[in-house]
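To start, the structure itself, in C-alpha coordinates.
Hydrogens, waters and symmetry mates play no part in the numbers below; they use all other heavy atoms, side chains included. We're numbering straight along the sequence, starting at 1. Every number for a ligand or one of its atoms is a count from 1 in the order of the listing.
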Amino acid sequence: MVSKKVEKALNDQVAKEAMSSQTYLAMASWAEVQGLEGVAAFLYKHSDEERMHTLKLMRYINERGGHAEVPALPKPPKEMKGILDAFQNILRQEIAVSADINAIVDLCLKEKDYTTHNFMQWYVAEQIEEERLARNLLDKLDLIGNDKAGLYLFDRDLLGRKEPQGAAF
Ligand code: OFO
(Lines give C-alpha, C1' and ligand atoms only; values in the text may rest on other atoms or scores of the structure.)
Protein backbone atom coordinates (compact mmCIF):
# COMPACT_ATOMS: atom_id res chain seq x y z
CA MET A 1 0.00 0.00 0.00
CA VAL A 2 1.40 3.43 -0.91
CA SER A 3 1.12 6.26 1.61
CA LYS A 4 -0.95 9.32 0.69
CA LYS A 5 2.27 11.31 0.27
CA VAL A 6 3.81 8.80 -2.13
CA GLU A 7 0.50 8.44 -3.99
CA LYS A 8 0.35 12.20 -4.51
CA ALA A 9 3.99 12.37 -5.66
CA LEU A 10 3.39 9.55 -8.14
CA ASN A 11 0.19 11.17 -9.43
CA ASP A 12 2.08 14.45 -9.86
CA GLN A 13 4.64 12.53 -11.88
CA VAL A 14 1.85 11.00 -14.00
CA ALA A 15 0.89 14.56 -14.96
CA LYS A 16 4.50 15.46 -15.80
CA GLU A 17 5.06 12.38 -17.96
CA ALA A 18 1.74 13.01 -19.74
CA MET A 19 2.74 16.63 -20.33
CA SER A 20 6.08 15.44 -21.63
CA SER A 21 4.26 13.21 -24.12
CA GLN A 22 2.11 16.14 -25.27
CA THR A 23 5.14 18.40 -25.65
CA TYR A 24 6.98 15.85 -27.80
CA LEU A 25 3.84 15.39 -29.84
CA ALA A 26 3.62 19.14 -30.53
CA MET A 27 7.32 19.21 -31.44
CA ALA A 28 6.85 16.23 -33.76
CA SER A 29 4.02 17.98 -35.56
CA TRP A 30 6.13 21.14 -35.88
CA ALA A 31 9.09 19.15 -37.29
CA GLU A 32 6.84 17.36 -39.77
CA VAL A 33 5.49 20.66 -41.08
CA GLN A 34 9.11 21.87 -41.50
CA GLY A 35 9.80 18.84 -43.71
CA LEU A 36 12.10 17.27 -41.11
CA GLU A 37 10.79 13.76 -41.57
CA GLY A 38 13.45 12.02 -39.47
CA VAL A 39 13.19 14.45 -36.58
CA ALA A 40 9.39 14.13 -36.68
CA ALA A 41 9.53 10.31 -36.64
CA PHE A 42 11.95 10.43 -33.71
CA LEU A 43 9.73 12.83 -31.76
CA TYR A 44 6.48 10.96 -32.48
CA LYS A 45 8.14 7.84 -31.19
CA HIS A 46 9.37 9.62 -28.11
CA SER A 47 5.91 10.97 -27.42
CA ASP A 48 4.73 7.33 -27.38
CA GLU A 49 7.54 6.45 -24.96
CA GLU A 50 6.42 9.18 -22.58
CA ARG A 51 2.87 7.88 -22.75
CA MET A 52 4.23 4.46 -21.81
CA HIS A 53 6.03 6.08 -18.84
CA THR A 54 2.69 7.63 -17.82
CA LEU A 55 0.80 4.35 -18.03
CA LYS A 56 3.49 2.43 -16.16
CA LEU A 57 3.14 4.86 -13.24
CA MET A 58 -0.66 4.77 -13.33
CA ARG A 59 -0.76 0.98 -13.27
CA TYR A 60 1.71 0.90 -10.38
CA ILE A 61 -0.29 3.39 -8.28
CA ASN A 62 -3.45 1.29 -8.71
CA GLU A 63 -1.63 -1.99 -8.04
CA ARG A 64 -0.37 -0.59 -4.76
CA GLY A 65 -3.79 0.43 -3.46
CA GLY A 66 -3.80 4.04 -4.65
CA HIS A 67 -5.92 5.71 -7.32
CA ALA A 68 -4.16 6.96 -10.45
CA GLU A 69 -5.61 10.18 -11.79
CA VAL A 70 -5.88 11.34 -15.40
CA PRO A 71 -4.49 14.89 -15.38
CA ALA A 72 -5.77 18.01 -17.16
CA LEU A 73 -2.97 19.30 -19.37
CA PRO A 74 -2.13 22.73 -20.78
CA LYS A 75 -1.73 23.14 -24.55
CA PRO A 76 1.94 22.81 -25.54
CA PRO A 77 3.49 25.48 -27.79
CA LYS A 78 2.72 25.08 -31.49
CA GLU A 79 5.81 26.83 -32.84
CA MET A 80 9.52 26.32 -32.17
CA LYS A 81 12.22 28.91 -32.84
CA GLY A 82 14.22 26.29 -34.71
CA ILE A 83 15.64 22.81 -34.49
CA LEU A 84 18.40 23.78 -32.05
CA ASP A 85 15.87 25.49 -29.79
CA ALA A 86 13.63 22.41 -29.92
CA PHE A 87 16.45 20.11 -28.80
CA GLN A 88 17.58 22.56 -26.13
CA ASN A 89 14.02 22.42 -24.79
CA ILE A 90 14.16 18.65 -24.83
CA LEU A 91 17.34 18.57 -22.77
CA ARG A 92 15.94 21.12 -20.29
CA GLN A 93 12.76 19.09 -19.96
CA GLU A 94 14.63 15.83 -19.39
CA ILE A 95 16.87 17.43 -16.74
CA ALA A 96 13.74 18.71 -14.97
CA VAL A 97 12.12 15.26 -15.12
CA SER A 98 15.29 13.67 -13.69
CA ALA A 99 15.11 16.08 -10.75
CA ASP A 100 11.43 15.13 -10.22
CA ILE A 101 12.28 11.44 -10.28
CA ASN A 102 15.11 11.94 -7.80
CA ALA A 103 12.76 13.83 -5.47
CA ILE A 104 10.37 10.85 -5.51
CA VAL A 105 13.22 8.46 -4.77
CA ASP A 106 14.17 10.67 -1.85
CA LEU A 107 10.57 10.72 -0.57
CA CYS A 108 10.41 6.91 -0.79
CA LEU A 109 13.43 6.65 1.48
CA LYS A 110 11.93 9.11 3.96
CA GLU A 111 8.64 7.18 3.93
CA LYS A 112 10.48 3.84 4.12
CA ASP A 113 8.61 2.75 0.99
CA TYR A 114 11.24 0.40 -0.42
CA THR A 115 8.87 -1.16 -2.94
CA THR A 116 8.22 2.16 -4.68
CA HIS A 117 11.89 2.99 -4.29
CA ASN A 118 12.70 -0.17 -6.21
CA PHE A 119 10.04 0.58 -8.85
CA MET A 120 11.45 4.08 -9.38
CA GLN A 121 14.91 2.74 -10.23
CA TRP A 122 13.62 1.97 -13.73
CA TYR A 123 12.86 5.70 -14.16
CA VAL A 124 16.25 6.69 -12.76
CA ALA A 125 18.01 4.55 -15.38
CA GLU A 126 15.69 5.78 -18.12
CA GLN A 127 16.48 9.41 -17.32
CA ILE A 128 20.23 8.83 -17.51
CA GLU A 129 19.76 7.44 -21.02
CA GLU A 130 17.38 10.18 -22.11
CA GLU A 131 19.68 12.96 -20.93
CA ARG A 132 22.65 11.28 -22.60
CA LEU A 133 20.87 11.02 -25.92
CA ALA A 134 19.53 14.58 -25.79
CA ARG A 135 23.07 15.89 -25.11
CA ASN A 136 24.48 13.78 -27.90
CA LEU A 137 21.96 15.12 -30.44
CA LEU A 138 22.50 18.69 -29.24
CA ASP A 139 26.27 18.29 -29.72
CA LYS A 140 25.64 17.20 -33.30
CA LEU A 141 23.35 20.16 -33.93
CA ASP A 142 25.98 22.49 -32.51
CA LEU A 143 28.50 21.10 -34.97
CA ILE A 144 26.06 21.46 -37.87
CA GLY A 145 25.29 25.10 -37.09
CA ASN A 146 23.61 26.69 -40.13
CA ASP A 147 24.82 24.09 -42.60
CA LYS A 148 21.73 22.91 -44.56
CA ALA A 149 23.48 19.79 -45.87
CA GLY A 150 24.43 18.89 -42.30
CA LEU A 151 20.82 19.27 -41.17
CA TYR A 152 19.67 17.09 -44.06
CA LEU A 153 22.06 14.33 -42.93
CA PHE A 154 21.03 14.76 -39.28
CA ASP A 155 17.39 14.33 -40.28
CA ARG A 156 18.16 11.30 -42.43
CA ASP A 157 20.18 9.69 -39.63
CA LEU A 158 17.24 10.03 -37.25
CA LEU A 159 14.95 8.44 -39.82
CA GLY A 160 17.13 5.34 -39.95
CA ARG A 161 17.92 5.33 -36.26
CA LYS A 162 17.85 1.95 -34.55
CA GLU A 163 17.13 1.72 -30.83
CA PRO A 164 20.21 0.83 -28.80
CA GLN A 165 19.52 -1.82 -26.14
CA GLY A 166 17.66 -0.27 -23.22
CA ALA A 167 17.41 3.15 -24.87
CA ALA A 168 14.59 5.39 -23.83
CA PHE A 169 13.95 7.06 -27.16
FE1 OFO B 1 9.58 10.00 -19.10
O2 OFO B 1 11.27 10.23 -19.58
FE3 OFO B 1 11.51 11.76 -20.64
O4 OFO B 1 10.61 12.96 -19.74
Atom 3 (Fe) of ligand 1 to Glu130: nearest N/O/S atom name: OE1
Mode of Glu49 contact toward ligand 1 - side chain, backbone, both, neither (heavy atoms, under 4.0 Å): neither
Salt bridge (charged side-chain N to carboxylate O under 4.0 Å, His left out) partners for Lys5, two or more places apart: Glu111
Sidechain N-carboxylate O distance under 4.0 Å for Asp106, Lys110: yes
Atoms of ligand 1, numbered as shown, that sit under 4.0 Å from any heavy atom of Val97: 4 (O)
Aromatic plane relationship, Trp122 with His53 - under 30° parallel, 30 to 60° tilted, over 60° perpendicular: perpendicular
Part of Glu94 with heavy atoms under 4.0 Å of ligand 1, whether side chain, backbone, both or neither: side chain
Cluster overlap Phe87 with Leu91, hydrophobic side-chain contacts below 4.5 Å: yes
Name, closest N/O/S atom of His53 to atom 1 (Fe) of ligand 1: ND1
N-O pairing of Arg135 and Asp139 below 4.0 Å: no
Contact summary for Ile90 and Ala134, nearest pair of heavy atoms: CG2-CB, 4.1 Å
Expected output: side-chain Thr23 to main-chain Met19 donor-acceptor under 3.5 Å: yes
Close N or O approach (Ser20, ligand 1; < 3.5 Å): yes
Atom name in Glu50, limited to N/O/S, at shortest distance from atom 3 (Fe) of ligand 1: OE2
Which atom of Glu17 approaches atom 1 (Fe) of ligand 1 most closely (N/O/S): OE1
Distance-only N or O hit between ligand 1 and Gln127, under 3.5 Å: yes
